[in-house]
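Proteins get letters first, then strands, A, B, ... in listed order; numbering begins at 1 in each.
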2 protein chains.
Amino acid sequence: MKNLGNKIEILYNLCRDKQLKITPQRVEVYKALLASGDHPSAETVYAKVKKNLPNISLDTVNRTLNTLSLIGAAFVVEGSGDVRRFDGNLENHQHFKCVKCKKIFDFKHNAFENIEVPEELRHKFKVLRATVYIEGLCQSCLEKENKIQSN
Amino acid sequence: MKNLGNKIEILYNLCRDKQLKITPQRVEVYKALLASGDHPSAETVYAKVKKNLPNISLDTVNRTLNTLSLIGAAFVVEGSGDVRRFDGNLENHQHFKCVKCKKIFDFKHNAFENIEVPEELRHKFKVLRATVYIEGLCQSCLEKENKIQSN
DNA sequence: AACTATATAGTAATTAAAACTATTTGTCAA
DNA sequence: TTGACAAATAGTTTTAATTACTATATAGTT
Ligand SMILES: [Mn+2]
Ligand SMILES: [Mn+2]
Ligand SMILES: [Zn+2]
Ligand SMILES: [Zn+2]
């Protein structure tokens, strides 16, 4: 994780902008999210942060992750059918999600960046994020695939 | 809802293909999903189907919606931070989701159809769905917007 | 150093979704 | 047409994610 100090500084500024207090909990949650490098759930972040802040509560982790998303320091990964996953990587990238094991794979594809949001939408709504979302089966799940069973 | 009979026939065939039984519950859940025309939750579908099958259980609705998604008669709407929403409209279209009120808006945009899935992904994974996903604030939520509060 | 609004810890409540099990039923073959 | 049986369902419980609540602590400010 390079430029960590830089990113922490950005968090500080975002908090100050929004009149939110800079608390150890917020800093540690943010650090843990960045350090994970992938798409952790609140529970996963909680486990990590506990090492530095043994008394932090899961509720605080949840609230903080929501707060980070609200101020634009992170976002909730699109997709469904699983617990909420967060992403602290704000660089333009896309996600592939396995519908079976719920694993999320990052990928970059130039053609998918700078999506032109249609006029119609830009007028009607305030667009916060536009992304290409691809789902399917990952390799290991594909191998286990056989007959679909509904029960 | 036009061509309903046609779609039911497709459901029949999908079930037969996958060796799944054609039950009144499956047919009614599917009909309710189509009739809704939008993106109902299991709970919403449950309420509808109950009118025709008063004894159906919520669990069956949940299982059936999952089954419909598995066999390709429907899909789970991308997005997060809300209960699972299902879509029975298999025509190529995109979604805008309000992050605040969770409402999902369909839209069509030619440029977003026929997304070219990168080679890399097509080789590694079995791609089932690729779509552009846009989120933000809808008009009515935008009006209520003011200072972000985290607690 | 003191003040105060904000944030947190610890816990309880809520609620979506899955699991469990006895019973029913769709499918198929006799 | 009738049985046999695997699959599906109803009714219920369990699990687990997330939010709500409230007394206490604290960051930012004066
Ligand atoms: Mn990512
Ligand atoms: Mn739709
Ligand atoms: Zn997988
Ligand atoms: Zn809204």
Exercise for the section: Give a yes/no on whether any side-chain N or O of R26(B) is located under 4.0 angstrom from OP1 or OP2 of dA8(D). Expected result: yes

Handout entry: Stepwise side-chain contact (heavy atoms from CB on, under 4.5 Å) check, C138(A) with F105(A)
Key = CA-CA 9 Å; C138(A) 77; F105(A) 301 83; 3.8 Å; yes

Completion exercise
Checking R84(B), R85(B), H95(B) against H39(B) for side-chain hydrogen bond (donor to acceptor under 3.5 Å, both in side chains), the one that qualifies is H95(B)

Exercise for the section: To the nearest 10°, let me know how far the axis at one end of the helix from dA1(C)-dT30(D) to dA30(C)-dT1(D) is tilted from the axis at the other, five pairs an end. Expected result: 40°

Practice task
Please work out if N66(A) contacts a base, only the sugar-phosphate, or nothing of the nucleic acid, heavy-atom cut-off 4.0 Å.
Solution key: sugar-phosphate

Handout entry: Short side-chain N/O contact to dA17(C) OP1/OP2 from R84(B), under 4.0 Å
Key = yes

Practice task
Would you please classify the geometry between the F75(A) ring and the H93(A) ring as parallel, tilted or perpendicular, with 30° and 60° separating the classes?
Solution key: tilted

Exercise for the section: Choose from dT12(D), dA20(D), dT18(D) the nucleotide whose nearest atom is closest to any side-chain atom of N62(A). Expected result: dT18(D)

Problem - Interatomic distance where CG belongs to L70(A) and P belongs to dA7(C) [whole Å] - result: 12 Å

Exercise for the section: In whole angstrom, give the distance that lies between atom CZ of R63(A) and atom C1' of dA17(D). Expected result: 16 Å

Practice task
Quick one, give me the B/S/- string for nucleotides 23-30 of chain C, reading 5' to 3', where B means a protein heavy atom under 4.0 Å from the base and S means that only happens at the primed atoms, P, OP1 or OP2.
Solution key: ---BS---

Practice task
In whole angstrom, give the distance that lies between atom CG of D59(A) and atom C1' of dA17(D).
Solution key: 12 Å

Exercise for the section: Can you figure out which of dA9(C), dT18(D), dA17(C) approaches the side chain of T60(A) most closely? Expected result: dA9(C)

